[in-house]
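Following: one structure in structure tokens, then a few remarks.
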Amino acid sequence: MENLYVTSEITLNKTAEKRSSPIPTNTEFFSYDQHIAKKTINFQFKGEPLDLSEANVILGFDFVTAGQSVIFESADGSIIIEDSAAGKVNVMLPNDIYAYSGSVIIYVFVEFSNGQSLDYPAFSTEFQESWLDQDLEEMAQFYVKRFEDLRNLVLEQAAGIDQDLSEFEERIRNIESAIDSFDVDKLAQEITEELKQEISDQLDPMNLEIRQAQQQLETLKRELNISEAWSWSEDGTDRFTTEYPKKNLWDGTITTARTERSSDGRHIKHTINTLLGSRISIAGNRFIEADLTRQARAHTGKILLNGIPLRSEQVPVRFAGTSSTSNGFQLIYNNYDLETGEFQTVYSIFSTNHSAILDIPFSIGVISTGDVLDIYDLKIEFIDSGTSSQTRAQGIYTTPEELDPLNAFPQYHAYALQQFTTPERYSRFELTREAIKIRDLQQNEKMNQLAQRITDLGG
């Protein structure tokens with residue numbers, strides 16, 4: 001079918017006369033308007049079409065209600081100059097821009113290759129969240145301790161599953177080498193049913209043992225003052241901790257222009273453009289809400305400006321949050337280490353949109369267009385302020401689960417009858433529930449691949 005578009009078209013004329021800004025357009029777009037919303041702007045200069053053949057058009061979307069901003073440029077392809085002689089441009093609104101809702105002021109600028117530039121009148125519109133996009137939050141992660149005898153059983157059962165899968169792979173190879181000698185449809189069905197039954201017979205007792213071990217563990221913990229410890233290695237030496245690391249609420253997404261990140265999310269690079277001021281806002285997908293009654297959020301990491309830590313006079317009042325207090329925002333703690341560049345901002349905020357992973361209001365003159373902001377090991381985490389007077393981040397970095405699940409939570413877990421500072425005094429470190437889940441997923445993926453090969457043979 002032919003593509004559909006909802007188009008809002010406006011003509012902007014640049015003169016020296018005083019202007020009323022922003023210009024209302026009486027338009028609104030909804031978050032379920034996917035790949036369909038288009039803005040068209042006709043540029044004029046003193047009433048005549050503006051030649052855009054050597055121009056870079058910049059649109060700054062200022063989300064007034066959300067306190068966020070996004071910049072699009074024709075130089076990077078975000079804006080299409082449809083007819084340069086007529087001064088006509090189009091911008092398709094990308095899906096991720098609907099992470100914000102409410103009133104939007106769109107600021108308009110034009111840069112020319114000869115160094116001249118123009119500030120056009122701003123205009124306004126409305127972004128609304130469609131009912132269908134109002135989803136539920138994810139449940140929190142949790143873990144289970146494995147006893148010594150359970151560990152042996154799990155490893156024995158897992159080894160059995162690997163052996164069974166290897167035998168099935170051998171049978172499939174035999175079928176492939178002599179396919180004309182077999183009734184393939186019948187044999188494929190037999191192998192599929194046998195594979196399903198074999199895996200089920202071995203996993204069911206294992207799951208029962210795990211549930212029983214969980215119940216025994218909870219009983220034991222209530223009777224004894226047990227200390228727990230976690231690590232990323234079986235000997236307990238890799239990132240040993242007696243406090244379970246909190247989940248990184250950032251999912252690794254970046255929706256802000258001029259911003260790049262590494263594949264594991266541990267490095268973010270943002271090239272600064274000060275046309276919209278000295279406030280730097282870097283956004284991703286919306287992350288989980290805090291509990292209105294007792295939780296705050298902490299943003300931690302390391303920030304360098306042009307490769308070096310900030311000087312004392314450059315440090316902002318916060319590195320995350322918002323300038324508005326109407327949504328419950330309250331700054332609790334802000335700190336920056338002038339030697340290492342490590343920062344921490346703690347705040348409470350209870351509005352519906354949370355997509356700014358960083359929001360840094362630098363003082364005027366601190367940053368310039370072309371400066372580079374490097375952010376390392378960014379983590380956003382909940383703080384249960386109702387249980388401690390020291391409202392600070394935990395200080396244990398974990399990667400976004402969507403980018404690096406193996407480093408998003410500890411892989412091993414151990415116990416002791418009292419707390420120690422080194423892993424040697426703890427019981428044998430066993431796989432955490434999260435680690436077992438990943439291994440189960442890997443086994444299931446392997447089983448599905450074998451089943452697909454069987455289906456292909458029969459088909």
Original post:
Aromatic rings Y120 and F43: how do their planes relate, parallel, tilted or perpendicular, breaks at 30° and 60°?
Top reply: perpendicular

Original post:
Once the angle between the rings of Y426 and F429 is folded into 0 to 90°, is it parallel (under 30°), tilted (30 to 60°) or perpendicular (over 60°)?
Top reply: tilted

How about [X] and [Y]: do any of their side-chain heavy atoms sit closer than 4.5 Å?
X: L59; Y: I79; value: yes
X: N407; Y: R239; value: yes
X: T369; Y: I272; value: no

**OP:** Taking the six-membered ring for Trp and the single ring otherwise, decide whether the centroids of Y376 and H267 are under 6.0 Å apart.
**Re:** yes

Original post:
Hey, would you say the H299 and Y347 ring centroids sit under 6.0 Å apart?
Top reply: yes

Subject >> Closest non-hydrogen atom pair, P309 against L338 >> reply: CB-O, 3.3 Å

Subject >> Nearest non-hydrogen partners of L331 and R318, listed with the distance >> reply: CD1-CB, 4.1 Å

**OP:** State whether a side-chain donor-acceptor pair under 3.5 Å links E111 with S117.
**Re:** no

**OP:** Please collect all side chain to side chain donor-acceptor pair (under 3.5 Å) contacts where either partner lies in residues 335-344, sequence neighbours excluded, each pair once.
**Re:** none

**OP:** Tell me, please, which residues at least two apart from T256 pass side chain to side chain contact (heavy atoms under 4.5 Å, CB included).
**Re:** T259, H270, I282, A283

I'd like a table of donor-acceptor pairs (distance under 3.5 Å, sequence neighbours excluded) in which one partner is a side-chain atom from residues 82-93, with atom names and distances.
| from | atom 1 | to | atom 2 | distance (Å) |
| --- | --- | --- | --- | --- |
| E82 | OE1 | N90 | ND2 | 2.3 |
| D83 | OD1 | A85 | N | 3.3 |
| D83 | OD1 | A86 | N | 3.2 |
| N90 | OD1 | T40 | OG1 | 2.5 |

**OP:** State which residue, out of D404, T399, D377, fulfils the side-chain hydrogen bond (donor to acceptor under 3.5 Å, both in side chains) condition with R266.
**Re:** D377

